[in-house]
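The sequence lines fix the lettering, A, B, ..., with proteins before strands; numbering per chain opens at 1.
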Amino acid sequence: MDGLTDAQAEAVQHTDGPLLVLAGAGSGKTRVITRRAAYLARMVARADEILAITFTNKAAGEMRERITALGVGRHMWICTFHALCARLLRTYAAEVGLQGNFTIFDQADSRALVKQAISKSDLNADNWSPRAMQERISQAKQNLKTPSEYASTEAYDFSGKAVAKIYEHYQSMLEDQNACDFDDLLMRTARLLEDNKGVRLALSDRFRYLLIDEYQDTNHAQYLIATHLARAHRNLCATGDPDQSIYAWRGADLQNILDFEADYEDAKVVRLEQNFRSSGAILSAASELISHNEHRKHKKLWTTDEFGASVELWTCESANIEAEKIAEAIEQYISEGGQPGDVAIFYRINALSRVAEDALRRKHIPYQIARGVEFYARKEIKDTLSYLRLISNPADETALMRAINTPTRGIGKVTLERVADYARVNGITVDAAVQAAETISTLKTARKKVGAFAELIRGLRDLPERPVKRIVQAVIERSGLEAEFNKQGGEIENDALDNVYELVNAAGDYDLENPEGSLTEWLQQISLVSDQDMIDDERGAVTLMTLHAAKGLEFPIVFMIGLEEGMLPHQRAAEDRLGGIEEERRLAFVGMTRAMKRLTLSWAMYRMVRGVTERTLMSHFLGQLPEDEIVTREFVDEKDRSLAHLGRFNQMDIESQYVDGFYPGCRVRHEDYGEGEVVRLETRMRKQYVRIRFREDGERSFALEHVSLYVID
DNA sequence: AGGTTAAATCTTTTT
DNA sequence: GATTTAACCT
């Protein structure tokens, strides 16, 4: 109980019966749940009888670390909802009609499958956008509706019938591939608990104590899972803050936390309203803003901290000026002995990271971007993963279809159709058909190629289960991917290759942390990464991230950029659903309350969006701050506006072909390789490359910023 | 089959 | 501005 307030201690010591902790921003919630979990393990339960559900893997990892430091909790279950479900589904795979090695499809995989399902349903993808269909299927799953239930309850109009049909095809294809999408993990677990009495009793008996963090952002399926698991012992502790609910668009239901006391009439409620994180100035500004939400229970956060530095509001001529000024301020901070790691920059949409990134790079300020999901969505990573998935789960046809001709092996559409036909006729998986290439009579010259691929996969499957790193290494070497990336990458830096090696290293890290691990489990782990998980606290770098990714974190110094009408609040979000504006305001509130010492809000009068520079308006949220407490600064100078137009070339139009004096066909001299001819200019990963054909060394790519070339003639 | 080029489309947030 | 798709060429 060291250093806890009365309210905090109360929450920690309440052991029996339901408990709701309404924890305002910065009120020491993490501390409370950590101590509580440790307290339970020390006083009333075994560690493995306690299940703590966090919002991200990063949060889970930190909690485990702290609890371990308190000397208990080695075997406590600490994970996210999705990870919990994946684990349970692997255990009870047989009961739910899966195999234990099922693949978890990410959103891109899932969307591609939806697209296939649309054409299977004899519908046109032009009229039925895969994106929208995916969304509707996702909603159906969040409400635990199977395809047939959906068909009988929702399909009363034309569009509903179409969705039902697509959903049915989609789901059966998923099942054929022994795969789950994100929603499946929750839905299948919820259904398992609902339909299977034995499992329900076993699990709810097993978890005597349940802690669920960020309860305000649980959806219906998660709510049901929690309810079922808590049924036997009723020791459910939910923590959260309605003011920080920012995932309604993903199906989160604020009502879950608001109804907690109705669900559990004997619930004890603890309110934590003293803020230990932010200065008085920051807290005051954030409180004032959130008070403009009408649908909100009154709550007053308070602090004994001094007022501190005023919150600043910067008006900038252009987005480039905005980024420039922020970079300058960070530079200044560092020169005064501050650490780059103290600083964070938040924005509403990922696209805004770019200007900030460029400015930081120009000033050589170390930075990192919180983007786990994007990393694993990269082409080179997905290429590599497709092999690993196929090794782990032979039914994963999506992976097979990608791997079989990446890098190109001369196995094209026609061949694949023949193989797939053979599989269908014989009632086997495509993988099995590939493995039996020798006996497919319709194949001619391609038979050898398919056979070679089958051999490759067999060899990889024969590798020992551990270490996983060795499997990953074998994949990139034997598949030819490594050679391919080597060939196509730039001379001095090669992003694709670097990324793949980073993946290899990640596998190595996994091996170290999980001596009993497996390829399947590692694949699961990386399927469920969040943007937050990739943040390295030890790195000493400025951290850039979306407001959503900032949830649960704190930084001494925070910049929030792009405070413009339509950006924050975001236009689409505000229009899309009822209460959209209020959720956007909560998002701003979450961002502001991450700051401990200094908070700067900025907006740019001109910003380039989708390649066009547009005049903006100040976000009306900025008018809802305590005016007399805020310090305003202006960086407005018309001549700076042209900076808003600074950009790089993408497609080769006449003008941009001559960028830096190079154009396709022009002859150049390279310091090491000698004379050559420019094949083309290209942009990859935000960098410009020039591809040159040399007489003897063939074609090579160079990153423009790293190479000196001389134009001949 | 594979690769190049131009046109079309698009981003809001994410487990 | 960036990415995806379609059309075109080898």
May I ask you to decide if A:Q177's main-chain N or O and A:N393's side chain share a donor-acceptor pair within less than 3.5 Å?
yes
Does OP1 or OP2 of B:dT14 have a side-chain N or O of A:N350 closer than 4.0 Å?
yes
Considering only atom C1', compute the distance from B:dT12 to C:dT5 and round it to an integer number of Å.
23 Å
Residue-phosphate contact under 4.0 Å: A:S530 side-chain N/O, B:dT15 OP1/OP2:
yes
Less than 4.0 angstrom between a side-chain N/O of A:R131 and OP1 or OP2 of B:dT9, yes or no?
no
How long is the line joining CD of A:E380 and C1' of C:dT3, in whole Å?
15 Å
Sorted by position of nearest nucleotide on DNA chain B, 5' first, the leading residue of A:N405 and A:A370 is A:N405
Would you indicate which nucleotide in B:dT12, B:dT15, C:dT5 comes nearest to any side-chain atom of A:R572?
B:dT12
Return yes if a side-chain donor-acceptor contact under 3.5 Å exists between A:T56 and A:Q532, otherwise no.
yes
A:H548 over B:dT13, stacked by centroid distance under 5.5 Å, angle under 30°:
no
Determine: side-chain N/O of A:T408 to OP1/OP2 of B:dG3, distance under 4.0 Å, yes or no.
yes
Taking the six-membered ring of A:W249 as reference, does the NZ or CZ atom of A:R572 fall below 6.0 Å from its centre and within a 45° cone about the axis?
no
Tell me whether the side-chain N/O atoms of A:K141 come closer than 4.0 Å to OP1 or OP2 in B:dT15.
no
B:dT13 base stacked by A:W249 (centroids within less than 5.5 Å, tilt under 30°):
yes
When we call it a touch if two heavy atoms are under 4.0 Å apart, what does A:Q571 touch: a base, just sugar-phosphate, or nothing?
nothing
Does A:F55 or A:L416 map to a spot on DNA chain B nearer the 5' end, using the closest nucleotide for each?
A:L416
When we call it a touch if two heavy atoms are under 4.0 Å apart, what does A:R409 touch: a base, just sugar-phosphate, or nothing?
sugar-phosphate
Mind checking if A:T415 touches a base, just sugar-phosphate, or nothing, with heavy atoms under 4.0 Å?
sugar-phosphate
Using the side-chain heavy atoms of A:V373, tell me which of these nucleotides is nearest: C:dG1, B:dT15, B:dT13.
B:dT15
Minimum side-chain heavy-atom gap A:K382-A:R402 below 4.5 Å
yes
Lys NZ or Arg CZ of A:R409 over A:F453 ring: under 6.0 Å, within 45°:
no
With heavy atoms under 4.0 Å as the rule, sort A:F81 into base, sugar-phosphate or nothing.
nothing
Scan A:D531 against the nucleic acid and name what it touches under 4.0 Å (heavy atoms): base, sugar-phosphate only, or nothing.
sugar-phosphate
Expressed in angstrom and rounded to an integer, what is the separation of A:K115 atom NZ from B:dT9 atom C1'?
12 Å
Contact class for A:V609 (heavy atom, under 4.0 Å): base, sugar-phosphate, or nothing?
nothing
Using distance alone, with no hydrogens and no angle criterion, decide if A:N499 and A:E380 have a side-chain donor and acceptor under 3.5 Å apart.
yes
With rounding to the closest Å, how many angstrom separate the P atoms on B:dT11 and C:dA6?
16 Å
Short side-chain N/O contact from A:T56 to OP1 or OP2 of B:dT15, under 4.0 Å:
no
What's the closest nucleotide to the side chain of A:R348 if the choices are B:dT11, B:dT13, B:dT15?
B:dT13
